[in-house]
Amino acid sequence: ASNVSKTDFAATNGSAKIRAMTKDADGNLYLIADSSGEIANFNPKAATDVVLQKIDSAGNVVFSRSLGSASAAQGFSIAVNDNDGTIAIAGAVNGKLDNSVTSTGTGLESFVAAFDENGKDLWQHQQGATGDDSAIDVKFAQDGTLMVLGKTTNAIGSSTALGGTDTYVQALDTSGNEIYTKSLGTSGNDAPVSLQISGTQAYVAWNDDSNNGHLSRLNTSDGSIGGADVLASSIGMGRFSQFAIDNSGNAVFVGEKTTNDAMYDQLKSVKLSNMSVNFTKDFSGAPINSLNLSNGRIDLAFEGVTDENAADKLALQTKLRGISSTDGSDIYTMNVQAEADSKVMIAGIDNQSKSLESMGLPQGEMLFGESQSLTDVTGLHAGDFFYIAANGGSKRKITIDKGETMTTLTTKIASSLSRYANVSTLIKNGSKYLSIMPKDKFKLEISAGDGVLDALKQLGMDAGVAQS
């Protein structure tokens, strides 16, 4: 038997659901979640925001970050560059990502955001088509190029529309600039499945609207297509639902046994070089929700079933199963409980059997360091603001600058209100808070900034009146 680490968490005044999870070479986990409530002092500016969290191998929260999106956003994929620790997340936003980005299209738009190893902002890339599009997978190539997989209803970036819904592959440089964008698909409605990198090649699994699975290959440096697609039917499968590659040149596909089967319960291991089948595992009507391939093992999470004898009759009992990536022989099988509306994700970790996260996001106390940029440890962006008025006078606009720290913000407010208030930072339970106290016989009114540019919520402050 193997051990399972499972933790359930919740956002304050809202909900949070993990969307994707990955690991780095040191065994740290990286999670992204869509949150409609407060997580570790991060409050969404819109209906939902994307929260990033790093957790060490002992289960401790290393840092939490929010995207700070000005519009409702969802994250779908996360990747870590083991060479320099850069973290990339990809997803979709319904409008402007932040107050400095101009929407390039209409409807739902793809975004990619990058952070350094400590969770500090590096860049954000938003590029939309005229129509709906979203980025669903992201991986780092060996030269540091960021490869993005998505879907779009029109041309996006430098790509050409093929008709219907297209699969697109986009390459971004280390500053988030587009290198190229390529369209894959037919004239019908096609759907991306997964993007994997092997050496200088990017492999893309996708399905057409005739329920056929495809595997396309591109050169990561220039996006040139490497020959004709491999069809799922050539290895005895219908549509693909999962796809992974190991370091030995083997690929694992999860999908239908036949076209229109609508049951993703078969697994095949193949050699990428010639697509010859290593082995096949048929799980006979047990759909596979998630797949991880690493360290000579394939970890699978199956669609859960309810148990009438359980205390919570609506909860899903989800089966985890590990098999050898060499011959498909069983290594372990176990049941774990996951919430009824959750999707199970797996990330295998060296020296640990596996980690399961099913719902929510771990809570961790956020510490404001005196010299930490507030835009790196909160959902603030440069240009966010709030107002302070003294004794009924005109409003004084307090704007967050690029690189603003708790120290510089305190100094800025103190300079503006030196006659009317004492401004300082207080420490409570290990966290630093901004304190604004009116002097004797003075009254202060603090009011929010306009719409998504409001800085008060991200600073943990409330609008209102204070009087000595």
Problem set entry | Enclosure of Lys319 NZ (heavy-atom neighbours >12, cutoff 6.0 Å) | no

Exercise. Does any N or O in the side chain of Asp49 come within less than 3.5 Å of the main-chain N or O of Ser66, such that one atom is a donor and the other an acceptor?
Worked result: no

Problem set entry | Close side-chain approach of Ser269 and Lys281, heavy atoms under 4.5 Å | no

Problem set entry | Pairing residues for Phe240 by the ring-ring contact (aromatic ring centres under 6.0 Å, His included) criterion, not counting sequence neighbours | Phe253

For this session: Flag the pair Glu404 and Lys412 as a salt bridge only when some basic side-chain nitrogen lies within less than 4.0 angstrom of an acidic carboxylate oxygen.
Result: yes

Exercise. Can you name the residues that form a salt bridge (charged side-chain N to carboxylate O under 4.0 Å, His left out) with Lys139, not counting sequence neighbours?
Worked result: Asp137

Problem set entry | Nearest-0.5 Å distance that lies between atom CD1 in Ile32 and atom CD in Gln74 | 10.5 Å

Exercise. Are Leu195 and Trp206 close enough, and set up right, to give a side chain to side chain contact (heavy atoms under 4.5 Å, CB included), and what steps lead you there?
Worked result: CA-CA 9 Å; Leu195 166 71; Trp206 57 278; over 6 Å; no

Exercise. Within a strict 4.5 Å, meaning less than it, do heavy atoms of the Arg321 and Phe302 side chains meet?
Worked result: yes

For this session: Examine distances only and state if a side-chain atom of Ser77 and a backbone atom of Val138 form a donor-acceptor pair shorter than 3.5 Å.
Result: yes

Exercise. Counting only heavy atoms not in Asn177, do more than 12 sit closer than 6.0 Å to its CG atom?
Worked result: yes

Exercise. If you measure from CD1 on Ile323 to CG on Asp330, what distance do you get to the nearest 0.5 Å?
Worked result: 7.5 Å

Exercise. Restricting to pairs with a member in residues 163-182, which pass salt bridge (charged side-chain N to carboxylate O under 4.0 Å, His left out), not counting sequence neighbours?
Worked result: none

Exercise. Taking C-beta and beyond as the side chain, do Tyr332 and Asp299 meet within less than 4.5 Å on heavy atoms?
Worked result: yes

Exercise. Asp246: what forms a salt bridge (charged side-chain N to carboxylate O under 4.0 Å, His left out) with it, not counting sequence neighbours?
Worked result: none

Problem set entry | Nearest-0.5 Å distance that lies between atom CD1 in Ile87 and atom CG in Asn118 | 8.5 Å

Exercise. Which residues pass the side chain to side chain contact (heavy atoms under 4.5 Å, CB included) test with Gln201, sequence neighbours left out?
Worked result: Tyr203, Arg217, Asn219

Problem set entry | Side-chain (Thr152) to main-chain (Ala155) donor-acceptor, under 3.5 angstrom | no

Exercise. Who are the side chain to side chain donor-acceptor pair (under 3.5 Å) partners of Ser248, not counting sequence neighbours?
Worked result: none

For this session: For the residue pair Ser194 and Gln196, confirm or rule out a side-chain donor-acceptor distance under 3.5 Å.
Result: yes

Exercise. Should Leu31 and Lys54 count as side-chain neighbours, where that means a heavy-atom distance under 4.5 Å?
Worked result: no

For this session: Would you check if the side chain of His125 reaches a backbone N or O of Gly176 as a donor-acceptor pair within less than 3.5 Å?
Result: yes

For this session: Give, for atom CG of Asn81 and atom OG1 of Thr145, the distance between the pair rounded to the nearest 0.5 Å.
Result: 10.0 Å

For this session: Using the test salt bridge (charged side-chain N to carboxylate O under 4.0 Å, His left out), find all partners of Lys120 that sit at least two apart in sequence or belong to another chain.
Result: none

Problem set entry | Contacts of Thr326 that satisfy side chain to side chain donor-acceptor pair (under 3.5 Å) - sequence neighbours left out | none

Problem set entry | Test salt bridge (charged side-chain N to carboxylate O under 4.0 Å, His left out) applied to Asp190 - qualifying residues, sequence neighbours left out | none

Exercise. Are side-chain N/O atoms of Asn250 and Asn278 paired as donor and acceptor at under 3.5 Å?
Worked result: yes

For this session: Output all residues satisfying side chain to side chain contact (heavy atoms under 4.5 Å, CB included) with Ala135, sequence neighbours left out; order by chain, then residue number.
Result: Ala90, Ser110, Val148, Tyr168

Problem set entry | Nearest-0.5 Å distance that lies between atom OG in Ser324 and atom CD1 in Ile298 | 7.5 Å

Exercise. Within the side chain of Gln170, is there an N or O that forms a donor-acceptor pair under 3.5 Å with the backbone of Tyr180?
Worked result: no

Exercise. Can you list the residues that meet the side chain to side chain contact (heavy atoms under 4.5 Å, CB included) rule with Ser134, with sequence neighbours excluded?
Worked result: Phe76, Ala92, Ile136, Lys151

Exercise. How many angstroms lie between CG in Asp82 and CG in Asp24, if you round to the nearest 0.5 Å?
Worked result: 6.0 Å

For this session: Using the test ring-ring contact (aromatic ring centres under 6.0 Å, His included), find all partners of Tyr30 that sit at least two apart in sequence or belong to another chain.
Result: none

Exercise. Would Asp208 and Arg239 pass as an ion pair if we require N to O under 4.0 Å?
Worked result: no

